[in-house]
Participant: 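Mind having a look at this structure? Questions to follow.
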Amino acid sequence: MRLSALLIASTLFATTAAAQTAPSPELDRATRAVQADVVRWRRDLHQHPELGNNEVRTAKLIAEQLRRIGLEPKTGIAHTGVVAVLKGGRPGPRIAIRADMDALPVTEPAGLAFASKVTTSYRGQPVGVMHACGHDAHVAILLGVATALAAQKATLPGEVMFVFQPSEEGPPTPGEAFGAALMLEQGVFRDFKPEAVFGLHVWAGLPVGSIGVRAGPSLASADEWSLTVRGKQTHGSRPWDGVDPITVGAQILLASQSMIARQINIAATPVVLTAGQFNSGVRFNIIPDEAKLVGTLRTFDAGVREDVIARFRRTAEDLAHASGASAELTVVNNAPATINNPALTQRVRPSLQRAVGADKVVEMPMVTVAEDFSQFANTVPGVYFFVGSTAAGIDPAKAPINHSPQFVLDEGALDVGTRAMLQLALDYLGGAPQG
Ligand SMILES: [Zn+2]
Ligand SMILES: [Zn+2]
């Protein structure tokens with residue numbers, strides 16, 4: 001009796017699960033209708049990349065398409081951001097979907113028919129500009145999703161805000177805010193408060209056709225730290241007459257690595273502390289009076305982040321003090337950790353599985369890159385997933401990763417991203433059964 005009840009229950013569950021993961025002909029039709037445009041937009045954007053806060057042409061292309069589908073986009077948010085709300089014909093929840101718009105100071109090699117030849121200056125240096133992170137794909141996919149949803153506006157439940165965000169990679173001018181923080185500061189979620197926000201990233205570390213997602217901590221928090229060690233200048237032949245900030249800086253750098261390895265529970269959550277610059281002095285036989293180290297800290301938990309910063313500061317100050325020097329640490333947070341809301345992740349995972357096939361949705365490992373999508377996801381519950389972009393026949397583990405000039409997007413990722421985000425939005429708005 002007990003056994004047969006269990007059997008019936010498991011058969012029912014299997015049937016429901018199968019129905020939930022069956023590909024939907026409506027989704028196929030809706031995606032196919034925008035497919036050619038999505039490819040065309042992406043190639044256009046790829047050929048005309050723009051650095052953060054300078055996405056003028058990109059914003060114009062976005063606003064024009066949003067107007068074409070009957071929306072009233074607001075432009076000029078956080079410099080070049082664009083936002084529009086689609087109001088469905090039926091009552092339902094409010095959600096937001098976000099795409100980032102900016103390119104990187106990377107020179108694209110020749111090859112693609114629509115390769116970028118754009119050059120500009122970045123912090124005083126002449127550079128090429130390339131969509132080496134794939135944000136061209138994100139904009140094109142979100143325009144495709146907006147177009148497909150607008151086509152079914154009359155029967156669509158709820159409201160969708162499309163958020164096109166500038167400067168995810170950071171502002172070209174030091175001191176300016178990152179795009180997501182500035183959009184929120186300018187009230188993007190004030191009048192229209194979504195109950196959930198979604199985002200995606202094309203990712204060379206996964207094969208095209210697949211999607212990676214995980215509940216909880218997904219992408220790291222990124223801090224930019226700066227350490228100034230002050231000693232006392234003297235002749236290089238007579239170090240005892242001064243205080244050598246280079247030796248002290250080197251000691252602090254090595255001690256910081258021991259600190260991570262010996263004081264932090266890295267079995268609970270990963271921590272990375274890296275110095276990317278170590279500058280000091282002007283001449284071989286002068287001990288300078290100052291050394292400056294600049295680097296990044298990556299963590300996945302706000303409490304761990306605070307703890308590591310406190311320990312790093314203590315290590316630096318005490319080591320400097322021991323040598324008669326002083327050390328001053330400043331830390332600026334560029335993006336908090338991206339934490340996928342566990343309940344929301346559980347809810348949307350079946351939609352992703354339905355869109356691309358259950359076996360194509362894989363558990364994503366934590367990645368130590370950062371994303372300022374976290375600013376939105378810290379304001380309302382959010383889910384951020386990865387869309388594989390490495391062509392079949394190439395090992396994703398060896399494919400040039402995002403930010404490399406050799407990063408190549410397989411255009412199949414455009415279709416996968418559009419299908420996945422569209423299915424997710426339709427299921428969420430329609431109140432599809434939870435996974
Ligand atoms: Zn990037
Ligand atoms: Zn990116």
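Both counts, for ligands and for their atoms, begin at 1 and track the order of listing.
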Participant: If the test is side-chain contact (heavy atoms from CB on, under 4.5 Å), which one of Val145, Val383, Val163, Val160 qualifies with Phe198?
Facilitator: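 Looking at Val145, Val383, Val163, Val160, the match for Phe198 under the side-chain contact (heavy atoms from CB on, under 4.5 Å) is Val383.
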Participant: Check all N, O or S atoms of His201 and name the one closest to the Zn ion (ligand 2).
Facilitator: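 In His201, the N, O or S atom with the shortest distance to the Zn ion (ligand 2) is NE2.
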Participant: On the 0 to 90° scale, with breaks at 30° and 60°, tag the Phe312-Trp225 ring pair as parallel, tilted or perpendicular.
Facilitator: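 The rings of Phe312 and Trp225 stand perpendicular, inter-plane angle above 60°.
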Participant: One pair to check against salt bridge (Lys or Arg N to Asp or Glu O under 4.0 Å): Asp307 and Arg305. What are the steps and the verdict?
Facilitator: CA-CA 5 Å; Asp307 182 46; Arg305 174 183 171 271; over 6 Å; no
Participant: Would you call the rings of His131 and His135 parallel, tilted or perpendicular, taking 30° and 60° as the class edges?
Facilitator: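 Rings of His131 and His135: tilted, 30 to 60°.
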Participant: How wide is the angle at the Zn ion (ligand 2) spanned by His135 NE2 and Cys133 SG, rounded to 10 degrees?
Facilitator: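 For NE2 of His135 and SG of Cys133, the angle centred on the Zn ion (ligand 2) reads 100°.
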Participant: Quick one: report the N, O or S atom of Glu169 that is nearest to the Zn ion (ligand 1).
Facilitator: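 Looking at Glu169, the N, O or S atom with the least distance to the Zn ion (ligand 1) is OE2.
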